[in-house]
Amino acid sequence: MQLNSPRTHLKSLSLTSEVNPDDLEINQQAIELPITKPSFVTGDGNNSFAGRNSQLNQKSEELRHTLTAHRHDRQLVILQDFPDPDALSCAWAYQLIAQQYDIKCEIIYAGTLSHQENIALVKLTGLPAQRWSVQTLKSKDLSSYQGFVLIDNQGTTSQLLPVVQQAGMPLVAVIDHHSSQGELKSEFVDIRPFVRATATIFTQYLQAGLLTLENGTNQHIKCATALMHGLRSDTNRLMQAQEEDFMAAAYLSRFCDAQLLNAVLQANRSKPVMDVIERSLKNRIVQNNFSIAGVGYIRYDDRDAIPQAADFLVTEENVHTAVVYGIVHDEDEELEVVVGSLRTSKLTLDPDEFIKEAFGQDSTGRFFGGGRTSAGGFEIPMGFLSGCNENSAYAKMKWEVFDAQIKQKLLRLVNPKDNLIQSE
């Protein structure tokens, strides 16, 4: 899942992957352009399944025509900086579909894979995602690519978007299940906020005949297993799945390797993740069934510990929503960003609306965060205040200020009558 995150200047490492992130990366300098084609659905998701199925067939045909028009091309598939299983698996599915049209795709992300399940997914399946820093991308001969594709994101969560835009590379397709994050000019647009996982969308493409999976093809089995993991991850183990998601899971079950999927799911949490969960437990405050925890400074490579801590806190008795945040820093660069994740079991709470209302927009009109059903995230650049943490007293003071400000903004919605910062 992708969420807004402006970590434009943080040093890129050669995510990502999860993220899990599950969460956001906004590029503060991303360029916005008008959409020239309507997304798949713009309503509230109340359309009948039969009606949506008709639209699905239309979208599948549109994608087929788009791929046909780009036969023999070379494309970049850009994921959010911290890609999650949904993004990773769908990018792989797109690559396999594009191969049917002799289109060569390279799947890239700028950040890191820090969630243990994401690392296991890539290693065990051989998923062909590459870690490219901004400098790596700039060093490439981009004229050899005829276009780029955004999958499970809309460009707001990738540091790489401005580079390809500045190179004049056309956007061929945007395929995502998150709420609209801005305006983009693309040949093909399939944005479905009512669908729980982008993996469901891609499975429907497979069912429509864009690629025929075969049980005898090892790559197909592994990709189907990855899609099942992505679908399972973004639907909270199918507990929030809808009809389309269940139908997609049923189709994938014909090809999925259950033993391989279990191996991915059994990946152990690292010690840094356990330390962050411990800090979240120690620092949390609970008001009106919201659990809010600041976890201090976190290394860039351990960024996915934040959503995992939120996953843990939301399981506490009498808590329906958990928000965990910290200052993610690159040890080699004096640059930092506030990263936060939200998890909720409250059906009437819209994470996208809640986060956007809490943290607002930057000077260009981009929201600092957003979300989907049951999950959300935010990232706020620290700009001039980044770095200089060698002075422990200063670092402590800086964290206390950001911690108080974030709590203030959250509690303004959680308990409007309270004011965290009391005036003398």
Side-chain angles (χ1 to χ4, degrees), residues 2 12 16 25 27 29-40 58-81 83 87-110 127-178 180-192 198 201-202 205-206 208 210-211 223:
Q2 141 273 350
S12 300
T16 318
E25 293 283 322
N27 194 308
Q29 296 178 350
I31 302 170
E32 296 185 350
L33 296 169
I35 286 182
T36 56
K37 280 194 176 184
S39 62
F40 184 32
Q58 178 185 345
K59 276 296 170 182
S60 298
E61 281 305 307
E62 284 184 25
L63 179 56
R64 191 193 308 273
H65 291 314
T66 300
L67 293 171
T68 300
H70 288 273
R71 192 179 291 274
H72 310 305
D73 277 4
R74 191 178 179 193
Q75 298 176 350
L76 288 174
V77 179
I78 299 178
L79 304 181
Q80 57 264 47
D81 288 343
L88 290 164
S89 63
C90 291
W92 195 5
Y94 179 86
Q95 183 187 66
L96 293 177
I97 291 172
Q99 284 178 3
Q100 310 300 301
Y101 301 85
D102 196 26
I103 299 172
K104 296 181 180 179
C105 298
E106 293 181 70
I107 303 169
I108 61 174
Y109 58 89
L127 198 154
Q130 304 175 60
R131 188 181 194 179
W132 286 14
S133 68
V134 171
Q135 290 305 316
T136 298
L137 185 59
K138 287 181 176 179
S139 68
K140 300 286 184 179
D141 178 12
L142 297 184
S143 64
S144 64
Y145 297 94
Q146 286 71 50
F148 71 99
V149 177
L150 297 174
I151 292 178
D152 196 43
N153 75 96
Q154 296 167 44
T156 59
T157 59
S158 173
Q159 303 173 58
L160 303 178
L161 180 64
V163 180
V164 294
Q165 286 180 322
Q166 289 163 14
M169 191 183 301
L171 177 55
V172 175
V174 179
I175 305 170
D176 189 22
H177 75 115
H178 298 96
S180 178
Q181 302 296 320
E183 297 183 338
L184 289 165
K185 180 179 180 181
S186 178
E187 287 185 47
F188 175 81
V189 178
D190 193 350
I191 299 176
R192 309 188 209 172
T198 305
I201 299 174
F202 271 89
Y205 291 158
L206 301 181
L210 289 179
L211 173 67
C223 184

Contact check, side chains of Ile107 and Gln130, non-hydrogen atoms, under 4.5 Å = no
Taking side chain as C-beta onward, heavy atoms only, is Val172 less than 4.5 Å from Phe188?
-> no
For the residue pair Leu150 and Asp176, establish whether any side-chain heavy-atom pair is separated by less than 4.5 Å.
-> no
Only counting residues at least two apart or in another chain, list the ones meeting ring pair (Phe, Tyr, Trp, His ring centres under 6.0 Å) with Tyr145.
-> none
Is a donor on one side and an acceptor on the other found under 3.5 Å between the side chain of Asp190 and the backbone of Ile201?
-> no
All pairs passing salt bridge (charged side-chain N to carboxylate O under 4.0 Å, His left out) where residues 63-72 contributes a residue, at least two apart | Glu61-Arg64
What's the verdict on side-chain hydrogen bond (donor to acceptor under 3.5 Å, both in side chains) for Ser133 and Thr136, showing C-alpha distance, side-chain angles and the deciding distance?
-> CA-CA 5 Å; Ser133 68; Thr136 298; 2.9 Å; yes
Could you check if a side-chain atom of Tyr101 sits within less than 4.5 angstrom of a side-chain atom of Thr68, using non-hydrogen atoms only?
-> yes
Dump the intermediate steps for side-chain contact (heavy atoms from CB on, under 4.5 Å) on Asp152 and His178, then the final yes or no.
-> CA-CA 7 Å; Asp152 196 43; His178 298 96; 3.4 Å; yes
Aromatic Trp132 / basic Lys140 pairing, under 6.0 angstrom, 45° off normal | yes
Side-chain (Lys185) to main-chain (Pro170) donor-acceptor, under 3.5 angstrom | no
With distance as the sole criterion, is a donor-acceptor pair present between the side chains of Gln75 and Tyr94 under 3.5 Å?
-> yes
Using a 4.5 Å cut-off on heavy atoms from C-beta on, say whether the side chain of Val77 contacts that of Ile151.
-> yes
Going by distance alone, is a donor N or O of one side chain under 3.5 Å from an acceptor N or O of the other, for His72 and Gln146?
-> no
Between Ser144 and Asp141, is there a donor-acceptor pair closer than 3.5 Å when you use the side chain of the first and the backbone of the second?
-> yes
Can you check whether Gln100 reaches Leu210 side chain to side chain, under 4.5 Å on heavy atoms?
-> no
